[in-house]
Structures are given as C-alpha cells and as structure tokens.
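By convention in this document, chain letters (A, B, ...) are assigned in the order of the sequence lines, proteins followed by strands, and residues within each chain are numbered from 1.
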2 protein chains.
Amino acid sequence: MKPKLNDVAQLAGVSVTTVSRVINDHGYLSEKTKQKVFAAMRELHYQPNNMARSLQGKNTQLVGLIFSDISNPFFAELVSRIEKLLFAKNYKVILCNSADDPQKERDYLQMLMANQVDGIIAGAHNLGIEEYQQYGLPIISFDRYLSDNVPIVSSDNFNGGWLAAQTLQQAGADKIAIFTGKSHAGSPTNGRREGYEAYLKQQGLTAHVHELPFELSPALKTMEIRTILENHDYNGIFCSDDLTALLTVNVAQQLKISIPDELRLVGYDGTALIRNYHPALTTIEQPLADISTLLVSLLLQRIDDANCKLEEKYILPVKLIKGTTA
Amino acid sequence: MKPKLNDVAQLAGVSVTTVSRVINDHGYLSEKTKQKVFAAMRELHYQPNNMARSLQGKNTQLVGLIFSDISNPFFAELVSRIEKLLFAKNYKVILCNSADDPQKERDYLQMLMANQVDGIIAGAHNLGIEEYQQYGLPIISFDRYLSDNVPIVSSDNFNGGWLAAQTLQQAGADKIAIFTGKSHAGSPTNGRREGYEAYLKQQGLTAHVHELPFELSPALKTMEIRTILENHDYNGIFCSDDLTALLTVNVAQQLKISIPDELRLVGYDGTALIRNYHPALTTIEQPLADISTLLVSLLLQRIDDANCKLEEKYILPVKLIKGTTA
DNA sequence: ATAAAAATGATAAACGTTTGACATAACGTT
DNA sequence: AACGTTATGTCAAACGTTTATCATTTTTAT
C-alpha cells in the first residue's frame with residue numbers, strides 16, 4: 001500500500017499532527033523535527049493524497065483547458081505555453097479537445113466540475129454554451145464570447161485584418177480576396193474579415209470574401225482553393241489562418257502562379273512553427289507569449305479572489321511578419 | 001455552495017443512500033425513484049465530487065501524459081489522439097510537458113502520484129528516470145525504454161531507416177547522408193540510424209552521419225544544415241524527423257540546389273500536418289492511429305488488471321509516403 | 001528559579017462520498 | 001393469509017487529510 005500520513009509519523013517518531021503541521025507549515029516547529037519528518041517522507045516516497053487534501057477545502061490546483069483541437073499547431077503552442085506557465089505556479093492542467101462539438105464541450109465542463117478544478121481557460125469554437133456561467137467558477141476565454149462576466153483575451157483581429165489588406169496592397173495587389181472561416185457571431189475570424197473589408201473600403205477597392213468552412217478537410221479545402229484561383233484573377237489573398245495560406249501556396253505552385261509576382265499572400269497566426277519552418281510566409285503574428293501570460297495571470301487573479309474586477313476584453317496588438325509572399 | 005448528495009436526496013424526497021445507489025447502480029431500485037433522483041440531480045446541476053469518490057477507493061479516471069513538448073506537431077497529434085480515445089473511455093488527461101528536463105519529469109511524476117492518477121503514458125526523451133518503477137503504477141511508454149516491466153510501444157524505427165535509405169537510393173542517390181538527433185542509448189532515433197546504416201552497408205555505400213542536437217533551435221539547425229550542404233555534395237539525405245526535412249528543403253532552396261534532381265530527401269514521422277500541408281515531402285509515416293490506440297488499450301488493460309502479462313515491446317510497421325522529394 | 005514562549009501530542013470533528021448491516025415497507029404470487 | 005421478492009430507509013464506518021482545542025513538555029530569557 002501507499003504510505004500514509006500515519007506511516008510517516010511512525011517512522012519519524014512523531015505524531016500525525018506534527019507531520020501535517022510540517023507539510024502545511026502551520027504552527028510552531030523546530031528545525032530538528034522538520035528534518036526528521038522530511039527524511040521520513042523521502043524514505044517512504046510519501047506523497048500526500050491530493051484527493052483527501054482538497055476534500056478538506058484545499059484547492060485542487062487543477063485547471064481545465066478546453067480547446068477545439070491541439071493537433072492544430074496554433075492551439076498546440078498556446079496550450080504548451082499555458083501549461084508551462086501554470087506548472088511554474090504549481091497548477092496542473094486537464095486537457096480537453098472539444099473538437100468543436102457542443103455536446104463534447106458540455107460533457108467536458110461537467111467533468112471538470114466533478115474534478116473540482118480551480119478554474120478554466122477556454123478557447124473552443126462552439127458558441128452558445130450557456131452552461132459556462134451557471135457554475136460559479138473562474139473562467140477566462142480566449143478569442144471568443146462565452147457569457148457575461150467571462151473576460152475575453154484576444155489579439156487585435158480587426159487591426160490584423162486591416163494590416164493584412166494594407167500589406168497586400170502595398171505589395172502591389174489591387175484585386176484582393178480573403179479566405180476565411182464560416183462567419184457566425186462571436187467567431188474571432190469575423191474581426192479579421194471586418195478589418196480587411198474596412199481597409200479595402202477606405203481604399204475604394206471591392207472586397208472578395210470566400211468562406212471556407214473551418215471543419216473542411218485540407219483535401220477539400222485544397223479543391224475549393226483551386227477552383228477559386230482558376231476562376232478569379234486575384235493578385236492578393238489574405239488567408240485568415242496560416243494553414244490555409246500553406247494550402248494556397250501549394251495550389252498556386254501547381255497552377256504555376258508565381259508568388260509574389262502574380263499573387264501576393266498574407267496569412268494569420270504566426271506561430272513559432274510557421275516562423276521557423278516557413279519564414280517565407282508573410283503573416284500577421286498573434287502575440288502568443290503575451291496571450292498565454294495574460295490568460296494565466298487573469299485566471300490566477302480570479303482564483304485568488306472570485307469577484308475581483310476584471311475588464312470585459314483584453315485586446316493585444318498583432319505584428320506583421322514580413323516574409324517574401326507579400 | 002455546490003449541491004451535495006444530501007441536497008439531491010432532500011429534493012428527490014429520498015435518502016442519501018438511495019441517491020448513492022442510483023448513482024452507482026447498486027442494489028434494488030425502482031424505475032420511479034431512479035427518475036425522481038435523476039430529475040433532482042439535473043435540477044440542481046449536481047456533480048458528484050470526484051475527490052470524495054476516489055477517497056472511497058473508486059478510480060480517479062485520470063491518466064497522466066508525459067511528453068517532451070506538445071508544440072512539436074508529432075506529439076501534438078499523438079496527444080490529441082490519445083486524449084480522444086481516453087475521453088471516450090471516460091478517462092481524463094493531465095498533460096505534462098517535460099521539456100526534456102529530467103527534474104521537471106521527476107516533479108511531474110510526483111505530482112501525478114499525488115493526484116492519484118490511474119495510470120501514465122510517457123513519451124518524453126529523458127533517460128534514466130529510475131523513479132518510474134518504484135511507484136507501482138500502470139505505465140506504458142512510447143518509443144523509449146523506461147524500466148523493466150514498462151511495455152514499450154514504438155514504430156519500426158530500424159525498418160523505417162532502412163526504407164528511407166532504400167528510397168533515396170532507388171531515386172538515384174548514391175551519396176546518402178543522415179541528419180539525426182544526438183544518439184544516446186535508448187533514443188528512438190538510434191533505430192532509424194541503424195536501419196539506414198545497415199541498408200547502406202548492404203549496398204556497399206558509406207554512411208555519412210550528421211548529428212544535429214535535438215534541442216538546437218531551428219535557426220541554429222538551419223545554419224548547421226547550410227554548412228553541411230555547402231561542404232558536401234550529398235545527393236540524398238534522410239532526415240530523422242520531418243521538421244528537419246523542412247529546414248533542409250528551405251536551405252536547399254536558398255542554395256539553389258534543386259530537389260529532387262540534385263538532392264533527394266526523405267523525412268520521418270508523416271503526421272497529418274505534414275501529409276496535408278506538405279504533400280510533396282517523401283517521408284516515413286509512423287502509424288499514429290495504431291500507436292495511440294495500442295498505447296491506450298495496453299494502459300487500460302494494466303489498469304484493469306495490475307499484473308496482466310504484456311509484451312516487453314510492441315513494434316508497429318511504418319509506411320513509405322511517396323512525395324516528390326525522393 | 002520563574003515565567004513566558006516554543007514545541008509537541010492526543011483527540012476529535014470535518015470534508016463528500018460509498019457501502020455494508022440491518023430493519024422495514026410495499027408488492028405480487030400462491 | 002402467508003411468503004418471497006423488491007424497494008427503501010437508518011445508521012455508522014471508512015477513505016486520508018486538515019485543523020482546532022486542549023494539554024503537556026521543553027526551551028529560552030530574565
């Protein structure tokens with residue numbers, strides 16, 4: 001059997017009370033007994049049972065992370081960063097891939113509640129999950145409205161879209177399209193699209209919006225893109241995520257459309273993966289380091305003080321990463 | 001306050017015992033009371049406290065996942081798959097990015113113990129963590145020796161290396177190098193290298209091994225690769241992971257070395273990301289679906305029956321994905 | 001030597017649930 | 001009407017810890 005508090009006490013020749021005091025640094029303690037107890041704990045490889053502790057009212061030090069799918073490099077990097085930050089603060093992370101399925105998301109929420117997590121960071125894509133507020137739990141959201149009183153951290157999507165369009169134009173494009181996800185209210189890509197549209201309007205250019213459903217497989221997306229490129233003579237395209245930009249590069253290559261001479265391209269996200277392995281791609285970088293730091297810091301504030309006042313929205317600036325595609 | 005068993009009992013007009021019986025499907029129960037209780041649970045949004053349950057001896061239904069870093073697309077996809085499979089079996093996942101730091105890995109192990117996880121799947125890169133066996137916990141390892149009695153699931157690295165070399169030769173290369181990670185005992189890339197060396201030997205060709213330390217940043221790796229390509233006239237290169245292959249493609253482009261005419265290239269891993277967004281890259285695909293399924297299934301077997309007999313090693317076949325780089 | 005402060009212990013209640021022992025009530029069957 | 005079966009209830013112990021209370025001993029300062 002696993003060693004218990006009692007076993008440690010016996011080995012150290014002290015009472016359970018004392019051992020508990022040592023662990024929780026509570027009350028008077030001499031250096032000598034502390035050492036004895038620590039020694040015993042080491043010898044037995046004792047690990048306090050977190051279940052029992054949290055039953056006593058202690059925090060579980062667990063945080064739930066709900067994202068659509070970490071096999072998407074953007075979320076992978078975000079989750080990786082969040083996990084590292086939280087671990088440094090002695091929190092552990094329960095990972096949830098909601099797969100953009102509202103029911104799964106609901107199930108995850110329930111599960112996280114049952115596991116007494118101290119808080120949640122959510123960045124999934126499903127909208128209208130009313131459940132979020134009804135558990136009085138600290139929640140911070142990434143890039144998407146969940147419910148009132150859930151602060152949103154996001155990058156400046158509007159300005160990102162604007163910047164992308166501007167970059168394309170300044171690179172010589174004047175027939176500029178956007179490839180974006182399905183637009184439902186609250187979706188983060190909406191802001192990007194609005195920024196793009198606003199810039200084009202200001203410049204007296206027409207917007208050409210192509211919606212490529214988010215859940216489409218890359219193969220199908222490729223086909224769509226191919227059709228679009230064959231039937232229009234765009235000389236600039238803003239892809240509202242970098243992966244779609246990569247597909248577009250591939251299609252252009254197949255169609256022998258030269259980039260950036262005939263077609264300029266700007267992506268969005270600018271993960272480390274893209275910057276490192278596709279330095280050629282011009283893209284709008286979301287400040288992932290700042291985003292994750294802010295998400296974690298806000299969450300910890302809320303955990304610390306359940307009704308501390310936080311802003312409704314935190315919008316972080318984006319940055320143009322100049323490659324050679326625009 | 002959160003609703004408790006007692007609140008549900010009151011609302012349903014039954015005893016706590018009955019509610020508990022309903023939840024655990026234990027003993028005699030009429031359909032009528034079941035419905036009453038379920039209704040009350042729904043109305044109160046009741047969630048049984050998993051901490052209290054597991055104190056009672058129930059499983060926590062928690063599994064720890066220790067991987068070096070999920071911002072690497074290979075691990076991202078693996079973890080994503082594992083999480084999905086486990087969620088379907090009613091298990092939750094605690095994510096650990098060990099960052100290839102033995103101390104962090106040790107800390108994670110302790111933490112997982114303290115949280116009473118039912119089992120662990122580990123795929124980190126650090127060797128010599130003796131701690132793994134001393135906790136009598138179900139563990140399955142991916143692609144790396146941890147300790148006796150910890151089953152290893154891996155893809156057929158040797159054959160993968162062999163296949164890569166063979167592919168390069170059949171594509172017309174006769175001066176074939178390998179870019180691989182630092183070789184320490186137990187590292188999975190060793191097998192790939194051995195397969196490569198064995199094939200070259202069989203064909204009477206010389207091996208050219210370049211070790212690019214795993215932890216090198218992409219920028220530094222790029223420099224190294226550049227130096228290598230400038231100073232040797234290889235016409236075939238086997239990169240023991242796809243990301244390095246991408247870097248090599250980039251460098252070759254810069255140096256105006258044409259692929260595959262002057263230089264043939266084979267990568268390793270073949271994640272969905274690579275197959276979807278870099279279909280041109282010839283690579284050796286690890287069967288991620290099978291790997292994750294097997295990892296999960298073995299772990300669940302061990303959780304079910306702590307001393308069920310499992311093989312020492314499970315080696316899954318790899319597959320050549322033919323692109324245009326070799 | 002004395003008092004105050006510091007260190008430890010014994011005991012027990014509490015956290016929310018499960019589960020067994022036992023009792024009893026309702027129901028259907030003969 | 002008697003019986004077995006099914007359904008529910010009461011009660012209490014248990015899981016491993018924390019923490020408060022009270023008591024006792026040891027140490028330190030005067």
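- Across every non-hydrogen atom of B:His45 and B:Pro3, the tightest pair is O-CG, 4.2 Å.
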Per-nucleotide protein contact string for nucleotides 17-30 of chain D (B base, S sugar-phosphate only, - none; heavy atom under 4.0 Å):
BBBSB---------
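- In this structure, A:Gln116 atom CD and C:dC15 atom C1' are separated by 11 Å, rounded to whole Å.
- Not a single ring pair (Phe, Tyr, Trp, His ring centres under 6.0 Å) links B:Tyr91 to another residue, sequence neighbours left out.
- In this structure, A:Lys34 places its NZ atom 9 Å from P of C:dA7, rounding to the nearest Å.
- Rounded to whole angstrom, the span from the NZ atom of A:Lys2 across to the P atom of D:dC15 amounts to 15 Å.
- Atom CG in B:Asn50 sits about 15 Å away from atom C1' in C:dC15, given to the nearest Å.
- Atom pair B:Asn59:CG and C:dT18:C1' shows a separation of 14 Å (rounding to whole Å applied).
- Nucleotide D:dG16 holds its C1' atom 15 Å from the CE atom of B:Met113, rounded to whole Å.
- Scanning for side chain to side chain donor-acceptor pair (under 3.5 Å) contacts around A:Glu77 gives A:Arg81, with sequence neighbours left out.
- For the helix from C:dA1-D:dT30 to C:dT30-D:dA1, the angle separating the two terminal helix axes comes to 20°, with each axis derived from five pairs and the value rounded to 10°.
- For the pair B:Tyr28 OH and D:dT6 P, the computed distance is 5 Å after rounding to whole Å.
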Could you list the donor-acceptor pairs under 3.5 angstrom formed between side-chain atoms of residues 82-90 of chain A and any protein atom two or more places apart in sequence or on another chain?
residue : atom : partner  : partner atom : Å
A:Glu83 : OE1  : B:Asn97  : ND2          : 3.1
A:Glu83 : OE1  : B:Tyr108 : OH           : 3.1
A:Glu83 : OE2  : B:Tyr108 : OH           : 2.1

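- Shown here for A:Pro138 and A:Arg302, the closest heavy-atom pair between the two residues is CB-CB, 3.7 Å.
- The closest side-chain donor-acceptor pair between A:Gln103 and A:Asp107 falls under 3.5 angstrom.
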Walk me through whether B:Thr33 and B:Ser30 qualify under side chain to side chain donor-acceptor pair (under 3.5 Å).
CA-CA 6 Å; B:Thr33 31; B:Ser30 74; 2.8 Å; yes
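- With sequence neighbours left out, the ring pair (Phe, Tyr, Trp, His ring centres under 6.0 Å) criterion links A:Tyr314 to no other residue.
- Between D:dT10, C:dG9, D:dC15, one nucleotide has an atom nearer to the side chain of B:Leu55 than all others, and that is D:dC15.
- Residues B:Ser20 and B:Thr17 have side chains not in contact (no heavy-atom distance under 4.5 Å, counting atoms from C-beta outward).
- Among the protein residues, B:Ser30 comes within range of the sugar-phosphate backbone only, with heavy atoms under 4.0 Å from sugar or phosphate atoms but none that close to a base.
- Within the nucleic acid shown, B:Thr33 comes within 4.0 Å of sugar-phosphate atoms alone, with no base atom in reach, counting heavy atoms only.
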